Every structure is written in C-alpha cells, then in structure tokens.
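A short write-up of the structure that comes next.
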Number of protein chains: 4
Amino acid sequence: MVIVMKPHATKEEIAGVEELLRSLNLGVHISEGSERTIIGVIGDKRQLAETPLELMAGVDRMVHIVEPYKLAGRAFHPRSTTIQVGSQEIGGSQVVIMAGPCAVENESQLLSTARFLKEQGVTFLRGGAYKPRSSPYSFQGLEEDGLKILAQAREETGLLIITEAVSTRSLEQIAKYADVVQIGARNMQNFSLLQEAGRSKMPVILKRGLSATIEEWLNAAEYIMNEGNYNIILCERGIRTFETYTRNTMDLSSIPAVKELSHLPVIADPSHGTGQWKLVAPMSRAAIAAGADGIMVEVHPNPREALSDGPQSLNFDSFRQLMEEVSKIAGILGREI
Amino acid sequence: MVIVMKPHATKEEIAGVEELLRSLNLGVHISEGSERTIIGVIGDKRQLAETPLELMAGVDRMVHIVEPYKLAGRAFHPRSTTIQVGSQEIGGSQVVIMAGPCAVENESQLLSTARFLKEQGVTFLRGGAYKPRSSPYSFQGLEEDGLKILAQAREETGLLIITEAVSTRSLEQIAKYADVVQIGARNMQNFSLLQEAGRSKMPVILKRGLSATIEEWLNAAEYIMNEGNYNIILCERGIRTFETYTRNTMDLSSIPAVKELSHLPVIADPSHGTGQWKLVAPMSRAAIAAGADGIMVEVHPNPREALSDGPQSLNFDSFRQLMEEVSKIAGILGREI
Amino acid sequence: MVIVMKPHATKEEIAGVEELLRSLNLGVHISEGSERTIIGVIGDKRQLAETPLELMAGVDRMVHIVEPYKLAGRAFHPRSTTIQVGSQEIGGSQVVIMAGPCAVENESQLLSTARFLKEQGVTFLRGGAYKPRSSPYSFQGLEEDGLKILAQAREETGLLIITEAVSTRSLEQIAKYADVVQIGARNMQNFSLLQEAGRSKMPVILKRGLSATIEEWLNAAEYIMNEGNYNIILCERGIRTFETYTRNTMDLSSIPAVKELSHLPVIADPSHGTGQWKLVAPMSRAAIAAGADGIMVEVHPNPREALSDGPQSLNFDSFRQLMEEVSKIAGILGREI
Amino acid sequence: MVIVMKPHATKEEIAGVEELLRSLNLGVHISEGSERTIIGVIGDKRQLAETPLELMAGVDRMVHIVEPYKLAGRAFHPRSTTIQVGSQEIGGSQVVIMAGPCAVENESQLLSTARFLKEQGVTFLRGGAYKPRSSPYSFQGLEEDGLKILAQAREETGLLIITEAVSTRSLEQIAKYADVVQIGARNMQNFSLLQEAGRSKMPVILKRGLSATIEEWLNAAEYIMNEGNYNIILCERGIRTFETYTRNTMDLSSIPAVKELSHLPVIADPSHGTGQWKLVAPMSRAAIAAGADGIMVEVHPNPREALSDGPQSLNFDSFRQLMEEVSKIAGILGREI
C-alpha cells in the first residue's frame with residue numbers, strides 16, 4: 001500500500017502518518033518527490049484496512065498495490081486448477097459444453113432436451129428450478145419439482161446436473177439432487193449465500209455480477225474458498241453497459257484476464273451475455289477462441305414457447321451446428337470437446 | 001411509432017393528437033386498450049422526431065407500454081404514500097434525517113453518537129450489525145451483539161433504529177431489535193430476501209442496486225409489496241459508472257423521477273453515494289433541493305478510527321454544520337426537519 | 001509515479017528498472033514490501049510518459065500519483081478563478097443563469113425568448129446556430145444566419161451571447177458575433193478544436209464529454225489553457241450510464257469535486273443532463289445547492305414546436321417559477337442571482 | 001406493445017402472428033405502413049412477455065420502429081458491401097490484417113516494421129502521424145513528416161497505408177499520402193469531420209466511439225454516406241465501462257450485431273480494445289471467430305521504446321505467432337488471410 005501526501009503536506013503531517021504506521025508494527029518507506037511525498041507501507045496491512053488514513057492531516061489518498069484475493073489469485077497458486085465433477089474435468093484440455101433450457105418447465109421438455117444433448121456429446125445439463133426474475137409476476141420456477149425432473153434426466157441420460165441456488169434454503173435442496181450449483185449474477189455479492197456455498201463443498205459455477213469488476217468477482221470466489229470449498233468455475237455472462245442492443249455486453253477480454261490473475265477455470269454464457277439467439281453461435285466461437293474452458297448455452301426444444309428467455313435459446317438444429325463450429329475452434333487451440 | 005395516452009385522456013385530447021399527426025400527412029391507428037389508448041403512427045416519421053408529442057395534452061409518452069410494477073407505480077395509486085415509524089412519518093412534510101456510524105463497533109462508539117444525534121434533533125439512528133463487505137477479510141459486523149447495542153441506544157435516547165439485513169436469518173434477528181430494516185444495494189435483487197421482508201411487515205429501506213435501472217428498483221419494491229408489506233422507503237445511493245473519482249455516481253435525477261413514477265417516499269444516501277466526506281454536505285443539500293424525503297448520513301465520533309467506511313463519515317462538527325444547511329434548504333421547499 | 005514490481009521480481013529486474021530511471025535523470029526510491037517491491041520515481045516524468053516501463057522484465061504496473069493538469073489544477077492555483085464577460089462575472093458571488101432555446105430557429109422565436117429572459121433578470125442568452133445531431137437527417141442549425149439573429153438579440157436586449165462551435169470554421173464565425181463559445185460534449189476531445197479555442201481568447205464553456213472522467217475533462221481544459229486562453233467555464237451536462245429513463249445521468253457530485261480539484265468555475269446544464277423538462281427545475285435547484293456557479297437551461301416560447309430538444313425545454317411559465325426557486329437556494333448559500 | 005414485421009413478411013406470416021395473439025385473448029391492430037407492417041397488441045400482455053414473438057416467421061422485433069440510418073442499414077441494401085482498396089478487398093472472403101505502430105516515430109522504426117509486416121503477408125500498414133492524446137503534454141505525432149515516412153514505406157513495400165485524421169486540415173494532408181483514412185473513437189461524432197470525409201471519397205475506417213451505441217455508430221456512418229462516400233469500414237475498438245482492468249471493454253457482440261443491421265464490413269482493434277499486449281492475441285482470435293472482416297493490430301519493433309501505447313503493442317515474435325493463430329481461425333470459417 002502506498003500513501004500519497006498532499007502537495008504541501010508539512011513535515012509534521014508526514015511524521016504523524018509515519019508514527020501511526022509504526023505503532024501498528026508496519027514498515028515505512030518515505031519518498032520525497034518533486035511535488036509530493038509518498039509513503040510505502042510494508043507488512044500485514046489487514047488491520048490498516050480498518051484505519052482510514054485518508055482522514056489524517058496532509059494525506060491525499062491511498063493506492064492499493066497488492067490484490068486482496070489470496071486463495072483465488074494465481075500469485076501463490078501458479079498452476080491452473082482443474083475441477084473434477086463425476087467423470088468430467090473442467091479446466092483441463094477439454095472444452096466443456098453445458099446446455100439445457102433456461103428453466104425446467106415440465107418432464108417432457110426437459111427429458112427431450114436431455115436426450116438430444118446426450119446424443120450431441122454434451123456432458124452437463126443445465127436447467128433452472130429456482131428462477132431469479134426482475135418482476136414478481138414472471139415465472140419463478142418449479143422449485144423442488146424441477147429438481148426432481150433434473151434428477152430424473154440424470155438417471156436416464158447420465159448427464160451431470162447444474163442448477164441455480166437463489167437462497168440458502170434452495171442451496172440445501174439442490175445439494176440433494178444436482179452435481180454443480182450455480183450462483184447467478186444477481187447473487188454474486190450475496191455474501192451469506194457465498195459462505196453457505198463454501199461450506200457445502202459442491203462444485204460452484206460463480207457467475208460474474210452485472211456490474212462486478214474482475215477484482216470483485218475474484219473476491220466473491222475468495223468468500224467461497226475461505227470457507228473451504230475450492231471447486232469454483234467462474235462464468236462470464238456479460239456486464240451492464242450503456243449499450244441496449246444486446247441484453248448485456250459480453251466482456252470476453254475477462255477470459256484471458258482471469259486466466260492471468262487466477263488459477264480457476266473460466267467459462268462463458270453467451271445466451272445471457274447477448275440475449276439474442278442469433279448472437280449465441282458467434283459469441284460461443286469467440287469465447288472458446290479467447291481461451292474459455294467451456295460454454296453454457298440455452299437450448300430449448302421449442303424456444304417460441306419457452307417460459308423464460310425464449311429469445312436467447314437455440315433450437316436443436318442451431319445447437320447441432322454450434323457444436324460443429326465450436327469443436328473446430330477448440331481443435332485449433334489444441335483442445336477437444 | 002406508438003403514442004401512449006394518459007389513463008384518463010379525454011376524447012378531445014386523443015383527437016388533438018390525431019389531428020396533429022394527420023396534418024403531418026401521417027397515418028393514424030387508434031387502439032383503445034383496456035387501460036389506456038395507444039396511437040400507432042404510419043408514414044414517414046422523420047419530421048415527427050422534431051415534434052415533441054410528449055408535451056401534448058393527454059399524452060403520456062412514446063413507444064414504451066404499461067410498466068410492470070402495479071403496486072409501486074403511481075398510475076393506480078396517484079396519492080403519495082407516507083410511512084409511519086413510531087411517532088415519525090416518512091414522505092410527509094418533514095424531511096427525515098437518518099444518521100449514525102456505518103458499523104456498530106462497540107457500546108461507547110454507538111452511544112456517544114446516539115446522544116449527539118439526539119441533541120441535534122435527529123430521530124433515526126442507523127448502524128450496521130451485519131456488514132456486506134467485498135472481501136471476506138474485512139470487518140463483518142458484530143451481528144446480534146451489535147443489534148443489542150442498537151436496542152440499548154434506542155432505550156436510552158428514544159431514537160428509532162435502522163439496520164441492514166443480509167440474509168433471511170439476519171432479518172429475523174433484526175425484527176426483534178430494530179424499527180426499520182434496510183436492504184442494501186448488493187441485495188436489491190436478492191429476491192428471497194425481498195420476499196421475506198415482504199412477509200415481515202417491518203418498514204423497509206430499499207437501496208437502489210449498483211447497476212439497477214429505476215424500473216428494476218421499482219420492480220424490487222413490487223416484490224416486497226406483492227407479499228403484503230407496503231411500508232417501503234426507496235433510497236438512492238449512487239450507481240456504478242466509469243467515473244472512479246467518486247465511489248459511486250449519485251443519480252439525483254432518480255429522486256424527482258421516482259416521485260413521478262411511484263407513490264413511495266424516496267431518500268438519499270450521500271455517504272455511500274460519494275464515498276468522500278467532503279462531498280457529503282453538498283450532495284445532502286442537493287438531494288433535498290431535488291425533492292428527497294430524507295437523507296441517510298454516516299456520522300462517527302472519530303472517523304479516523306472507524307472500522308468501516310471512515311473516509312465517508314462526518315465527524316460531529318461537520319454533521320452539526322450539515323444540519324444547519326439542510327434545514328434551510330428544506331425550509332425553502334416548504335418542509336421542515 | 002510509482003512502479004509496482006511483480007511478486008517474484010528478481011534483484012536483476014529491479015536493478016534494470018532503477019538503471020533506466022537513473023539514465024533519464026530521475027530520482028529513485030525503492031521500497032521492498034513483504035510481497036512486492038515498489039519503486040517511487042522523482043523528477044520530471046514527462047519523458048517517462050513515452051517509455052512503457054510496463055514492458056520491462058519484472059514490472060507489474062504503473063501507478064500515477066500526480067495529476068497531469070497543471071494549469072487547470074488547484075494545486076498550483078489555490079485561488080478560484082472568476083471569468084469576466086462584458087459586465088458579468090462567472091465564478092464569483094453571483095450564480096449565473098444562462099438560458100435560451102436549444103437552436104435558433106427564426107427571428108421571432110429568438111427575440112421573443114430574449115425579451116422574456118431579459119425581463120426575468122437573465123444576463124446570458126444561449127442558442128445554437130450550429131447543431132451537432134446524431135443523425136444527418138435532423139435539423140442542423142441556421143449557421144451564420146442564426147449567429148446574425150443572436151447578434152440582433154444582443155443589440156436589442158444587451159444579453160451576452162453563448163453559442164456552440166462544432167468546427168474550427170464555425171469557431172471563426174462565432175468569434176465575430178458571440179461573447180462566449182461553447183464546446184459541446186461530443187467535441188470535448190476534439191483536440192484540434194480545443195487548441196483553436198485556446199488561440200481565440202474568447203471565454204469558453206467546456207462541456208463534459210458523455211463518457212469523460214473528471215480527469216479527462218480537466219485535461220481538455222488544459223489543452224485550451226496550454227494555448228494561452230484561461231477563460232474557461234466547465235459545464236456538467238450528464239454522463240452516459242446504463243440508465244435510460246433520463247437522457248443522461250447528471251453527475252452532480254462532479255460539481256463539488258471539480259471545485260476541489262480545479263480553480264475554474266463550473267456550471268450545470270440540467271436540460272441536456274436529464275432530457276425531460278419536468279426534471280429541469282429539481283435538478284437546477286440541486287445543482288446550485290451542490291455549489292454550481294450557474295446553470296444553463298433551455299427555454300422555448302413553445303416547446304411543442306421546437307425544432308430540436310423540445311421535450312427538455314421549459315416554457316415561459318415554468319422558467320419564471322424556476323427563477324424564483326433557484327434565487328432562494330442561491331440566497332441560502334450566500335450568493336445572489 | 002408493437003410487433004414490427006420484416007420488410008417482406010408474407011400475408012401468411014402476418015396472419016400467423018395475429019392468430020397467436022388472438023389465441024391469447026389479445027386484441028390486434030394491424031397497420032400496413034409504407035415500409036413495414038406493424039401490429040399493435042391490446043389487452044393484458046403479461047403472458048405475452050413469456051412468448052418470444054421475435055422468433056415467429058416474419059417477425060423482426062418488438063417495440064422499436066424504423067431505424068434512422070437508411071444508407072448504412074441492411075434493410076434496403078441486403079447484400080454485404082465489399083470495399084476495394086488498391087488490389088485488396090475488405091468485407092469479402094479474405095480476413096484483412098492491418099498492422100503497424102501506434103505512431104510513426106522515425107524512418108527506421110516505420111520501415112523496419114513495414115518490411116517485417118510485408119514478409120508476414122500483411123497488406124495494410126497503419127501508423128499515426130496525427131495523434132489525439134488526452135493530455136497536451138503527450139507526444140502529438142510527426143504530422144506531415146510522418147505522412148511522408150508512411151508514403152516512403154508504401155513505395156518500398158507496396159503496403160497500403162492507413163492513418164488517422166483529427167481535423168479537416170489533417171484530412172486534406174492525408175488524402176495526398178495515404179490509401180485509407182481513419183476516424184478515431186474520439187471523433188466519431190465530430191460531424192464536420194465526418195462530412196468532410198464523406199466529400200473526400202477516400203475509404204474510411206470509422207472507429208466506434210467510447211460511449212457510442214451501435215445505432216449512433218451506424219448514424220455516424222450515415223453522415224459520411226450521406227455526402228456520397230460509401231467506402232466505410234466499421235471498427236470495434238472497445239467501449240467505456242466501469243471495468244478498469246482493461247483500457248476499454250471490447251464489445252465483440254457488436255461484430256455479429258453490425259453484420260445483421262448493416263451491410264458494411266466491420267473489423268476489430270484488440271490493441272486499443274484491451275490496452276494490454278497479452279490480451280491482443282486471444283481477442284484477435286475471438287474477433288475473427290465472431291465474424292470480423294479483419295483486425296487492426298499495433299506492432300512495434302521495440303514496444304519498450306514506443307512513443308505511444310507501447311504496453312499494448314506486439315513485438316515481431318508475438319505478431320508472427322498471432323498470424324499463425326488467426327489464419328487457422330479464419331480457415332475454419334471458410335475464409336483466408
């Protein structure tokens with residue numbers, strides 16, 4: 001951490017800051033510049049986070065140097081992490097395809113989708129049983145009945161199940177039925193839920209919040225890891241910007257950025273990222289070309305009748321074509337699907 | 001292009017719009033809907049882009065159709081709502097001042113602050129017992145012990161207590177000790193928590209999410225109201241933008257905007273809105289000048305030693321001066337403090 | 001400037017950076033932290049701006065400490081600047097009201113507005129002769145004919161004239177007819193135009209760009225000042241965010257922020273800032289309460305027929321009421337209108 | 001709610017939408033416009049929110065009406081445009097690679113880069129002679145001397161020259177020396193410059209503004225086309241968001257989006273889009289995978305010594321590897337480099 005003093009800070013003000021730092025057993029390096037003095041702080045700054053040095057006489061501002069996420073960061077874990085789910089590995093040489101409807105609507109919708117995906121070589125089935133919706137009047141999901149249908153699909157097809165938790169209560173239910181729990185964008189800073197997910201040990205897909213910086217996203221992972229659960233897959237799903245043509249703005253540069261900053265695997269969700277089915281295939285190709293460890297795609301037997309997010313779902317034909325395209329892209333990067 | 005008329009637009013007003021459109025050689029299709037009349041316009045609308053139809057008698061707006069929030073919206077509840085908390089009323093002629101430290105740290109810190117605020121004529125004490133923090137390594141609050149200290153301050157001073165819930169579990173605890181529960185920006189779309197708050201009947205301060213549109217904010221209020229709790233105070237606390245000089249960007253225009261769209265009271269939090277104590281006084285004055293029903297301000301006996309958000313907290317002297325300034329602004333608008 | 005080294009930077013890498021800095025005659029302060037080494041740089045860093053130290057072995061990133069705007073910054077000009085235009089002063093004890101139609105449309109529209117504003121005690125008339133419009137098919141302004149009508153209004157009423165330049169050519173024309181030239185948000189980083197305005201010596205209203213940070217805005221002022229023109233009035237007019245209810249999001253906190261960072265006067269334009277005439281009065285009050293040195297407001301004798309920006313223009317009645325309200329707010333802050 | 005049908009929607013398709021609406025007990029008003037048919041929907045549309053009408057045959061989209069750009073839009077120019085520059089075609093089956101230093105610094109820097117790029121099979125050389133810089137104290141380019149060096153590089157290598165205009169004056173100079181003129185992000189709404197570029201007939205690379213919506217970007221193209229110059233190549237170079245880890249946020253979804261809305265070719269600039277050379281290769285691959293007609297990449301013989309934007313420039317080795325990777329991606333999409 002560096003403390004930047006004001007242009008005309010006095011000797012006494014500088015000494016005051018130094019004294020405080022030394023009283024906290026921190027090392028101090030003072031550099032007198034031509035216009036300002038800056039003070040470098042050395043040692044365990046955790047307690048300093050609670051001391052608003054900005055308020056001291058003569059202090060202009062603080063500049064943080066070291067990133068706050070220790071467990072999620074690559075600095076102390078240089079080797080990339082792979083997450084094992086059943087017989088599948090995420091973050092290894094394989095590019096993982098996760099697909100399924102936005103919401104579980106009924107048995108026939110889910111099972112027909114699951115059978116189709118199985119045929120296509122997909123290994124993870126996604127489907128929402130608990131749906132976070134902006135309006136209370138939108139379809140909220142089948143809840144435990146939905147989880148049962150998902151479990152049935154797993155039994156029949158062997159697909160691994162991913163579904164979203166929206167509360168600690170739903171998380172407990174999900175643990176009984178699913179293989180991977182998803183924490184959605186709107187709950188990325190629901191810290192109680194993160195801690196609960198950390199205690200559960202289930203693999204977690206952690207979606208990036210609508211307005212979360214990469215640092216906040218990795219801090220959210222840190223919450224889960226701090227409770228002992230290291231099985232985290234990060235998922236870029238678009239951020240909120242001024243552009244309204246797409247539902248969100250997919251920040252694909254976050255994929256190689258996260259790969260550099262963190263050892264955790266990262267996937268992309270072009271369905272929520274764009275909100276338009278026509279953009280799903282190009283953005284799926286792009287995500288994998290950018291280095292994503294997988295994609296999560298909405299597929300529906302009849303998108304026109306979907307109870308949620310129909311406009312961004314692929315039908316079976318479009319999905320089949322997508323699989324062909326992304327397999328080739330993965331191949332170029334020395335990976336398979 | 002579609003023109004949406006006001007719910008009770010007269011035949012004459014509709015005819016006026018039609019006449020103008022026809023005078024511009026535009027075709028007109030009038031649809032009398034169940035709630036409103038909408039007017040479709042046919043032809044080259046280029047010149048219409050220069051004609052602000054929104055200003056015509058009876059015209060509400062262009063293009064957008066019936067908003068999704070029915071209970072929170074003013075359309076069907078034209079009269080402004082006032083919320084009664086103890087002997088205090090929010091949303092009436094009084095501008096309410098809510099103040100206190102970001103986090104309850106210990107008895108002496110809270111009680112000294114409470115006594116000071118009481119003397120200043122403040123009626124609501126705010127203080128966090130459960131703290132949502134970006135990093136798991138930051139101070140997380142005293143939890144139930146903090147609630148007990150808040151209750152003690154109420155007993156001694158008579159101040160009404162506001163504190164934040166971060167989960168359904170904390171909400172239950174808070175109901176035992178506090179008068180108003182706050183739902184923070186990061187939980188604005190934690191729909192389980194909203195529903196639980198809706199069932200609790202406690203007055204709720206609903207902060208705007210970091211990247212929530214006004215419509216999403218009102219939809220979040222709708223979630224609470226849909227469970228039967230109509231005691232909601234909206235709170236503008238800054239949104240996330242590209243500007244990094246301030247912690248957030250306070251969108252003060254949301255205050256008059258919400259006043260038009262909704263019947264609910266709306267307050268402002270310039271401490272979180274700006275993140276800098278020097279900006280708190282000017283933005284408090286501005287918020288009240290813009291029509292806010294109150295402000296929520298962080299005050300700390302010694303901001304330099306605060307365990308969270310010190311740099312944005314006022315000390316007692318600055319708060320005293322703030323009270324003088326905002327009282328005068330309120331007076332000009334025909335309100336008192 | 002501070003150079004942050006990577007966690008495992010070697011002694012040789014650190015020495016390499018030090019050597020380069022010393023070869024540029026810069027002072028060096030090395031602080032070895034517990035996790036990383038940081039290097040403080042002392043001296044004239046101008047040439048360093050051209051040397052991408054980020055690419056050197058072992059370097060993680062740079063942190064800039066000193067703000068780049070020397071002429072616009074308050075650090076070396078602690079006293080607030082006032083700008084004299086004719087008999088009027090901007091940035092002094094008076095809060096200046098600038099008003100008029102978005103675009104000059106014809107003689108009668110402008111003169112009737114000017115006469116009305118004169119009666120209301122307004123001293124500056126604004127009106128666009130050159131209009132930057134998103135679409136080439138929108139009304140582009142009367143150009144020199146518009147300037148002549150503005151000059152006529154000045155002759156008749158004595159109002160000082162403000163109008164926008166959109167190119168160096170229009171700037172030359174404007175210098176012949178107007179008192180203050182405006183550089184609009186879309187041209188805030190049109191550096192050729194800024195330099196030309198710097199050479200012209202006319203007082204300049206410099207609007208903040210749609211996505212300009214406060215630092216970039218002050219750097220744009222620096223471009224003008226660097227050519228010798230110090231007569232700059234900054235104008236907050238809303239920034240672009242995800243919120244679409246308002247045309248832009250007025251960042252009123254930029255007003256006290258700029259007052260701290262710079263000695264230049266700052267005004268607010270709530271008409272463009274909100275895009276809705278109903279929000280103009282509350283945001284005008286708020287801007288002045290936040291410390292603005294003036295406001296610029298769109299007024300039109302008949303907003304419904306305005307050739308541009310009608311929905312955000314006040315009619316005469318609304319403007320009269322606005323003047324009453326803002327006079328009272330200014331009074332409270334010890335200023336007059 | 002309004003449903004906008006495709007321009008050539010058949011009677012049967014319109015009847016299909018009408019039938020569906022009536023089956024939901026919704027009223028229907030069909031308006032056959034001069035260009036398209038729009039369908040107004042009457043009744044309780046809540047359930048309609050769950051029915052993605054956008055997917056029905058003949059339906060284009062909901063709510064929004066005829067876009068303002070007629071010449072740039074695909075509606076009336078369904079066939080994709082290819083731009084001929086010398087012997088090269090942009091927008092055809094070839095993916096075009098444009099490369100070179102951010103700024104022309106001197107003869108040896110530019111010529112060594114040009115020779116290297118020529119060997120790599122690149123056909124377009126980019127280099128700035130006029131540089132728009134945020135601060136007046138940064139290197140502003142060699143101006144006409146830079147153009148002469150670029151012309152020399154063309155003579156020696158046969159590479160086609162791209163360089164940026166920052167004013168009408170620089171545009172005139174550029175027309176004498178270069179093959180393609182670039183209009184930068186900061187000038188995307190410098191309408192005078194756009195019109196001048198429209199009159200010049202030179203091929204134009206039009207970069208997307210930092211906070212420009214796709215619609216505004218296409219409107220800017222419309223300005224140029226409206227003056228008679230149809231040779232426009234759009235360039236996505238990142239937009240401004242809250243994320244600060246990258247210099248900008250590349251909106252790669254704009255590439256397939258523009259391909260749908262417009263007939264103009266679109267390329268991507270991952271150097272400015274990310275600001276970090278390590279992210280250039282993954283984002284180049286991603287851009288081409290998303291359907292870009294080309295990429296523009298900064299290359300410098302010694303990025304550490306570059307006078308501007310060194311941190312985002314590739315050195316020769318990294319560029320060589322990039323060429324291999326993007327060639328393979330292009331191949332998969334049935335294109336060559």
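Keep in mind that what you see is a predicted model, and the values were worked out from it rather than measured. Each chain gets a letter, A, B and so on, in the order the sequences are listed, and its residues count up from 1.
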* Which atoms of A/L333 come close to chain D, meaning under 4.5 Å heavy atom to heavy atom: side chain ones, backbone ones, both, or neither? -> side chain

* Tell me, out of D/I214, D/T241, D/D251, who's got the most heavy-atom pairs with chain A below 4.5 Å. => D/I214

* Asked: Side chain, backbone, both or neither: which part of A/M283 has a non-hydrogen atom closer than 4.5 Å to chain D?
  -> side chain

* To do: Sort A/K278 into side chain, backbone, both or neither according to what part of it lies under 4.5 angstrom from a heavy atom of chain D.
  => side chain

* Between A/E336 and A/Q94, is any side-chain donor less than 3.5 angstrom from a side-chain acceptor? -> no

* D/T213 to A/E243 - nearest heavy-atom pair and separation -> CA-OE1, 3.3 Å

* Mind telling me whether A/F116 and A/F316 have parallel, tilted or perpendicular rings, with 30° and 60° as the class edges? => parallel

* **A/Q312 side chain to A/R247 side chain, donor-acceptor N/O pair below 3.5 angstrom** => yes

* Pick from A/T274, A/I255, A/N315, A/L252 with the largest number of heavy-atom pairs that fall under 4.5 Å of chain D -> A/L252

* Asked: Who among A/S284, A/A290, A/G331 has the most heavy-atom pairs with chain D under 4.5 Å?
  -> A/A290

* State, without any angle test, whether D/S80 and D/R74 hold a side-chain donor-acceptor pair at a distance under 3.5 Å. => yes

* Asked: Can A/Y130 and A/E143 be said to form a side-chain contact (heavy atoms from CB on, under 4.5 Å), step by step?
  -> CA-CA 5 Å; A/Y130 302 88; A/E143 309 199 345; 3.7 Å; yes

* Residue D/E260 versus chain A: region with a heavy atom under 4.5 Å -> side chain

* Which of the residues D/P256, D/S211, D/G291 is involved in the greatest number of heavy-atom pairs with chain A at under 4.5 angstrom? -> D/S211

* D/S271 and its side chain to side chain contact (heavy atoms under 4.5 Å, CB included) partner, picked from D/L279, D/I295, D/V297 -> D/V297

* Do you know which of A/A257, A/P282, A/A287 has the most heavy-atom pairs with chain D at a distance under 4.5 angstrom? -> A/P282

